[in-house]
Amino acid sequence: MSSSNAHLAQIFEDMAHLLELQGASRFRVNAYARAARTIKGHGDDLVSLAEDPKSLKAIDGIGDSTADKIVEFAETGRIEAYDKLLKDVPSGLLDVLRIPGLGPKTVKLMWDDMQVESLTDLQRVIDDGSILSLPRMGKKTVENIRSAIAFVSSADDRTPIGIARPIADTIVRRLKRLKSTKQVQYAGSLRRGAETIGDIDVLIATSNPEQARETFTTMAEVTQILANGETKASVRTEFDGVAIQADLRLVPEASFGAALMYFTGSKEHNVRLRERALRQDRTLNEYGLFPDDDKESPPQSRGVKPVASQTEAEIYTALDLPEIPPELREDRGELKLAAADIESLVTVAGIRAELHAHTTETDGKLTLDELIEHAIERGCHTLAVTDHSQSSALVNGLSPKRLRAQIKAVRQANDRYREITVLAGSEVDILPDGSLDYDDDLLDELDVVVASPHASLRQTPAEAMKRMMAVATNPRVNIIGHPTGRRFGTRPGLELDMAEIAAAAAAHDIALEINAHWRRLDLRDTHVRIALEAGALIAIDCDVHSREHSDNLIYGVQTGRRGGLPASRCINTWSASKLHKWLGVTT
DNA sequence: GCCGTTTTCGGCCCGACTGTTTTCAGTCG
């Protein structure tokens with residue numbers, strides 16, 4: 001996603017909220033919200049696409065009005081309708097709306113009746129008790145709002161997947177231990193392999209719902225119970241200083257698949273499926289796919305037998321679709337895919353080579369031999385040792401002399417191990433001007449050159465493009481490592497025209513890396529999509545510094561799958577002979 | 001505001017929980 005897409009998406013999301021506060025039709029509000037999600041998830045830079053408004057309107061969820069606004073934004077940098085909304089509605093209300101439990105109706109009422117226009121104003125009416133004069137506003141509700149304000153300020157908006165997943169695994173493991181548990185699994189954006197997670201959704205089918213709820217709501221990490229009903233319990237938790245909300249859904253075993261599908265989402269994917277069901281004279285909800293009988297009350301409450309409900313596969317089949325993997329359920333055209341496209345996607349089991357790994361010579365925790373043995377345990381046929389280059393002084397980057405010694409050590413090690421091919425490589429710094437951190441003759445001695453940006457990550461887009469295009473056309477480079485250099489929570493990284501980089505890389509037989517570390521995930525899913533369209537090859541590597549790092553592989557693979565990466569285009573899935581031939585090494 | 005395997009108008013996904021009510025509105029996902 002380009003940064004202008006992110007900016008545009010934010011504008012449309014704000015507009016949706018501002019319109020909501022003005023009391024606009026919920027369908028219109030929803031249209032703006034959908035446009036925002038569409039823009040956010042779109043791979044291409046929509047501002048550049050604005051030169052051809054027809055291509056904008058071809059995108060699902062973007063119609064005449066939205067396209068006009070994007071064109072206006074591309075030409076003038078502003079959207080008049082947005083400016084007007086901001087004049088009419090105090091923008092501080094957007095912050096108030098972000099408090100869980102406060103929705104548009106209440107916020108509008110507070111604005112109209114007691115001049116609440118910001119979080120500060122909200123705090124005022126809570127403190128002086130005047131908030132209690134609102135209809136349906138009692139002591140308990142106010143207390144909930146008070147703690148929600150505290151939670152919002154303590155929790156990050158979204159939690160990186162690498163932090164959220166171990167927490168979810170812990171919760172699932174605890175519930176699995178109960179004898180009454182028949183099935184338990186997490187769903188939501190975590191199951192879809194999104195790079196960040198809002199909250200943790202866990203589904204359970206159990207013969208003892210009371211016990212499951214009790215176990216869930218009394219975990220030591222629970223800081224507050226938000227809801228505890230017959231089919232749903234919801235808690236705020238704090239695991240090792242990470243504040244995150246978790247929901248437990250109690251579902252009948254017979255409809256576990258329908259519930260799993262429903263709570264895995266995404267919302268947009270679900271809406272598409274429901275629409276499809278309706279066209280088949282059926283109705284889809286979290287209890288199953290039912291014949292549509294135009295009755296008011298839900299079919300499952302009347303004992304109607306579902307067409308499908310037990311497993312996701314059954315339901316997709318009944319909808320005349322291939323089983324769509326969670327990673328693809330984002331309403332990015334997945335309903336049009338053929339079964340063969342889905343089966344060909346890269347998998348964790350398909351990854352047979354690690355081409356980005358560090359040793360104790362620089363900042364790794366494993367010695368050369370430990371690293372090799374670890375790669376063998378992982379089932380790799382090939383390992384490339386790629387320590388840092390000389391400019392990365394902080395991590396003890398290798399001088400040319402030390403690199404030559406390492407090459408020799410790697411060659412000797414390779415002779416000691418029959419099960420694996422160990423290649424000599426380097427993660428070479430890309431200097432600010434796009435040149436590499438070693439001379440060409442030294443680079444020529446290496447089997448694998450991973451070129452990565454580490455410093456000067458705040459360059460202007462023009463400088464960054466010049467720098468990275470030099471790398472993408474350099475015949476000595478095999479892989480471009482974490483191409484943007486972004487890191488969650490610390491820096492956004494280089495702003496690149498990924499289509500152009502990928503096209504150049506494809507022409508020069510260079511692969512672009514998905515760095516699997518959850519703090520990077522760089523390339524990101526939308527980049528993968530663009531890179532594939534431009535014809536580039538992709539590498540998925542763990543950037544191994546310690547044994548734990550190879551556990552990150554799943555995040556890299558999920559990112560690839562989200563980008564539609566077929567195994568055939570991922571060099572780490574290739575056979576040893578094919579990979580070695582591509583690298584130009586003789587083994 | 002968006003969209004169309006019947007549609008360029010007239011629909012637009014569905015159910016659960018809480019708190020405040022005394023049958024339900026608002027919010028969430």
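These numbers were taken from a predicted model, which means no experiment stands behind them. Throughout, a chain's letter reflects where its sequence line sits, starting with A, and its residues are numbered from 1.
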[atom1] spacing across the pair [N] / [M], given as an integer number of angstrom:
{"N": "B/dC12", "M": "B/dT7", "atom1": "C1'", "answer": "13 Å"}
{"N": "B/dT21", "M": "B/dG26", "atom1": "P", "answer": "13 Å"}
{"N": "B/dC28", "M": "B/dT23", "atom1": "P", "answer": "26 Å"}
{"N": "B/dT6", "M": "B/dG1", "atom1": "P", "answer": "28 Å"}
{"N": "B/dA25", "M": "B/dT20", "atom1": "C1'", "answer": "9 Å"}

N or O in side chain of [X] less than 4.0 angstrom from [N] OP1/OP2:
{"X": "A/Ser234", "N": "B/dC28", "value": "no"}
{"X": "A/Thr231", "N": "B/dC17", "value": "yes"}
{"X": "A/Thr283", "N": "B/dC14", "value": "yes"}

Distance, rounded to the nearest Å, where [X] contributes [atom1] and [N] contributes [atom2]:
{"X": "A/Asn30", "N": "B/dG1", "atom1": "CG", "atom2": "C1'", "result": "9 Å"}
{"X": "A/Arg282", "N": "B/dC14", "atom1": "CZ", "atom2": "C1'", "result": "18 Å"}
{"X": "A/Arg28", "N": "B/dC2", "atom1": "CZ", "atom2": "C1'", "result": "12 Å"}
{"X": "A/Arg26", "N": "B/dC28", "atom1": "CZ", "atom2": "P", "result": "16 Å"}
{"X": "A/Arg272", "N": "B/dC3", "atom1": "CZ", "atom2": "P", "result": "9 Å"}

Touch class at under 4.0 angstrom, heavy-atom based, for [X] against every strand present:
{"X": "A/Asp60", "value": "sugar-phosphate"}
{"X": "A/Pro135", "value": "nothing"}
{"X": "A/Gly61", "value": "sugar-phosphate"}
{"X": "A/Asn144", "value": "sugar-phosphate"}
{"X": "A/Leu102", "value": "sugar-phosphate"}
{"X": "A/Arg249", "value": "sugar-phosphate"}

Open item on the list: Tell me which one of A/Val222, A/Leu248, A/Leu226, A/Asn228 satisfies side-chain contact (heavy atoms from CB on, under 4.5 Å) with A/Thr217.
Closed with: A/Asn228
Task: Identified pairing partner of B/dT8, criterion: Watson-Crick or G-U wobble below 3.5 Å - done: none
We want to know whether [X] and [Y] form a side-chain donor-acceptor pair, criterion being a heavy-atom distance below 3.5 angstrom.
{"X": "A/Arg191", "Y": "A/Thr264", "answer": "yes"}
{"X": "A/Thr559", "Y": "A/Asp525", "answer": "no"}
{"X": "A/Asn144", "Y": "A/Thr141", "answer": "no"}
{"X": "A/Asn208", "Y": "A/Thr206", "answer": "no"}

- [ ] Look at the side chain of A/Tyr262 against the base of B/dG15 and say whether a donor-acceptor pair falls under 3.5 Å; ignore hydrogens and angles.
- [x] no
Task: Ring centroid separation A/Phe73 to A/His7 under 6.0 Å - done: yes
TODO: For A/Gly138 and for A/Thr66, find the nucleotide of DNA chain B with the closest heavy atom, then tell me which residue's nucleotide is more 5'.
DONE: A/Thr66
